[in-house]
There are 2 protein chains.
Amino acid sequence: MRSPSKTKSSTAPAANKIATRQTPCLKCPLRALKTFREFQPAELEFVEWFKTGEFASDEGATILMEGHSSPHLYTILSGWAFRHKTLPDGRRQILNFALPGDFLGLQTSMFNEMQHSVETLTKTVLCVFPRDKIWSLYEKFPGLAYDLTWIAARSERLLDEQLLSVGRRSAQEKMAFVLLHLFYRAQAVGLATGNKVVFPFTQQHLADSLGLSLVHTNKTLKALLARKWCRWKDGTFELVDEAALRELACYEGDLASLRPLI
Amino acid sequence: MRSPSKTKSSTAPAANKIATRQTPCLKCPLRALKTFREFQPAELEFVEWFKTGEFASDEGATILMEGHSSPHLYTILSGWAFRHKTLPDGRRQILNFALPGDFLGLQTSMFNEMQHSVETLTKTVLCVFPRDKIWSLYEKFPGLAYDLTWIAARSERLLDEQLLSVGRRSAQEKMAFVLLHLFYRAQAVGLATGNKVVFPFTQQHLADSLGLSLVHTNKTLKALLARKWCRWKDGTFELVDEAALRELACYEGDLASLRPLI
DNA sequence: CGGGATATTGAGTTAGTTCAACACAGGTGG
DNA sequence: CCACCTGTGTTGAACTAACTCAATATCCCG
């Protein structure tokens, strides 16, 4: 049996929280991105009403916890986070990473209890929505309801891809795949500068995401970087030979279609 | 690199199809099960209208194909199927299994193109819904719209669990987990007789689901069966020591909550 | 009877794991 | 300012879970 990955979540449950209202949805910087679909004025007004505040969190904070429920749903306004599950002995699997524009806690509103945790990788600002208002969304704004289903279906799609990766790709392929995938996603929300993106996660996070041990993740990463198709130094990832990486990763879809932002 | 699992889908794309209307939703045998929530008369009437027919398929038939789109959504009325993805060189990952009451093809209605395939394991009867009618569901029946999101969130949950399994459980744990999981799901839709269920899949399917090779799957299964906590002979699975299996599998949730049936 | 799909088993190989040591950076308290 | 600590990254060595290859046994079906 594999030994648990002994990751200490550096900070204890969420520090510094601010619940002040700051960014009006109308001026949400994410809406400007061409990644997101445009809203009707009425929809926007509703979302404005739906949003009850913002939540600023430190890095390494646990936003939602496995086995607990939460009265809130969240959208990431800025920052990175990740969803994960752990086995009783501590082995951890990162399910996926969450970037600005991503929705968190849909399970909360559907099932009451979360079966995974969410932890931040950076300082993060979240838009907060009360789950008890969600029903009025379904009643009054079928377009937004459709969007919610769309969002859930999209996560499912990402998970499918991740599952294929963890189950059937070799370590090197997995590595190439995840780096490329995260690069594309970051790029889609405007986090890329040319072919560079700041990656806020550690090798331990990659290991837990890919289902590999830390040591082997390190060796695999080294081997991949030695190919010179990408660089990763001082927290910054740089894509050099996209085609070569895609080939290695068996990367097919682009997953970067137009999406809603609730 | 692992070699592709050379699985030949026995039958070519779907054989014998019958598109006659047979089971009125009102008398749907699945609705009788306590697993599914009750519908309002108006909802039922709508679903009746939404459903355009039934589709009877042979075993081993491909219902939906990766990279293609489909004008239909499906619900399984009877039979087993599975969703899967493949890499260019043929390595296959089974994403999950689908049982009666499960919804297929939500991705079709949200994204146009499927990124996974769906294949039957047994003779299967599917309820057919045209995707172009789905919008009226959102407009007129928020309750059903909510259900659709619920269904998508549930699949996500199952995938989370599956991902944890493939990424972090040992072969033996994976095996125990998947058998237990499928037993529970089959039981929930009335396919169990006492502690026995007919499992229609082969070891190759298990291998592709767990991310293991066929040979190792066989050896792992043998070793598990040698523990006498369950039996599997002539296609019938029998649960003997549930507690022991759960312990081995690190099985936690039950995933068998009340659900909608569209 | 022959062919195809499935299950089984043994033997050798390898990808990935575990253990252990060390290097480096940043942060803290004396 | 230094000593110390903790989180992160690196590397080598030994081990093992899982893989590949290959052969054989069944069974079902036409």
Side-chain angles (χ1 to χ4, degrees), chain A residues 1-12 58-60 89-93 119 121-122 165-176 199-226 231-237, chain B residues 1-12 15 58-60 89-93 119 121-122 165-175 199-226 231-237:
Chain A
M1 193 202 296
R2 293 150 189 164
S3 78
S5 38
K6 302 124 198 158
T7 316
K8 302 104 193 174
S9 36
S10 44
T11 327
D58 269 353
E59 67 177 270
D89 67 357
R91 281 173 285 174
R92 177 173 82 166
Q93 177 68 42
E119 190 177 321
L121 283 167
T122 63
S165 211
V166 172
R168 289 304 186 196
R169 277 186 247 252
S170 70
Q172 187 120 164
E173 291 166 343
K174 288 180 190 184
M175 185 61 72
F199 275 169
F201 42 81
T202 67
Q203 294 185 8
Q204 180 70 65
H205 291 116
L206 280 184
D208 287 343
S209 165
L210 303 177
L212 297 173
S213 72
L214 175 58
V215 172
H216 196 238
T217 298
N218 178 282
K219 287 170 182 170
T220 303
L221 180 58
K222 284 260 127 179
L224 178 60
L225 295 178
R231 295 191 200 107
W232 188 13
K233 203 142 200 295
D234 303 322
T236 299
F237 175 82
Chain B
M1 191 203 298
R2 293 150 187 163
S3 76
S5 39
K6 302 124 195 154
T7 316
K8 302 102 189 174
S9 34
S10 44
T11 327
D58 269 351
E59 65 175 273
D89 67 357
R91 280 173 287 174
R92 177 174 82 166
Q93 178 68 42
E119 191 176 319
L121 282 167
T122 64
S165 211
V166 172
R168 289 303 185 197
R169 275 186 247 252
S170 71
Q172 188 119 164
E173 291 166 342
K174 288 179 189 183
M175 185 62 72
F199 275 171
F201 42 80
T202 66
Q203 294 186 8
Q204 178 70 65
H205 292 116
L206 280 184
D208 288 342
S209 166
L210 302 177
L212 298 173
S213 72
L214 175 58
V215 172
H216 196 238
T217 298
N218 178 281
K219 287 170 183 170
T220 303
L221 181 57
K222 284 261 126 182
L224 178 61
L225 294 178
R231 296 193 200 105
W232 188 12
K233 202 142 202 292
D234 303 323
T236 299
F237 175 82

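In what follows, every chain begins at residue 1, and chains take the letters A, B, ... in the order their sequences are listed.
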For the pair made of [atom1] in [X] and [atom2] in [N], what is the distance, rounded to whole Å?
X	N	atom1	atom2	value
B:L212	D:dT20	CG	C1'	14 Å
B:D208	C:dT6	CG	C1'	14 Å
A:K174	C:dA15	NZ	C1'	11 Å
A:H216	D:dT10	NE2	C1'	14 Å
A:L210	C:dG16	CG	P	11 Å
A:E59	C:dG27	CD	C1'	13 Å
B:D89	D:dT20	CG	P	11 Å
B:Q204	C:dG4	CD	C1'	14 Å

Touch class at under 4.0 angstrom, heavy-atom based, for B:L214 against every strand present: nothing
Taking any heavy-atom pair under 4.0 Å as a contact, classify A:S213: base, sugar-phosphate, or nothing. base
Taking 4.0 Å as the cut-off, does a side-chain nitrogen or oxygen of [X] come that near to OP1 or OP2 on [N]?
X	N	value
A:K222	D:dT10	yes
A:N218	D:dG9	no
B:Q203	C:dT8	yes
A:Q172	C:dG16	no

So which nucleotide from C:dA7, C:dA11, D:dA18 ends up closest to the side chain of B:T202? C:dA7
Closest to the B:S170 side chain, choosing from C:dG10, D:dT10, D:dA18: D:dA18
Distance-only polar pair, side chains of B:S213 and B:H216, donor-acceptor under 3.5 Å: no
At what distance, to the nearest 0.5 angstrom, does CG of A:L221 lie from CE of A:M175? 5.0 Å
With no hydrogens and no angle check, is any side-chain donor or acceptor of A:R231 less than 3.5 Å from a backbone partner on A:T236? no
Between B:R91 and B:D208 (salt bridge meaning N to carboxylate O under 4.0 Å), is one present in this structure? no
Parallel, tilted or perpendicular, as decided by the 30° and 60° cut-offs, for the rings of B:F237 and B:F199: parallel
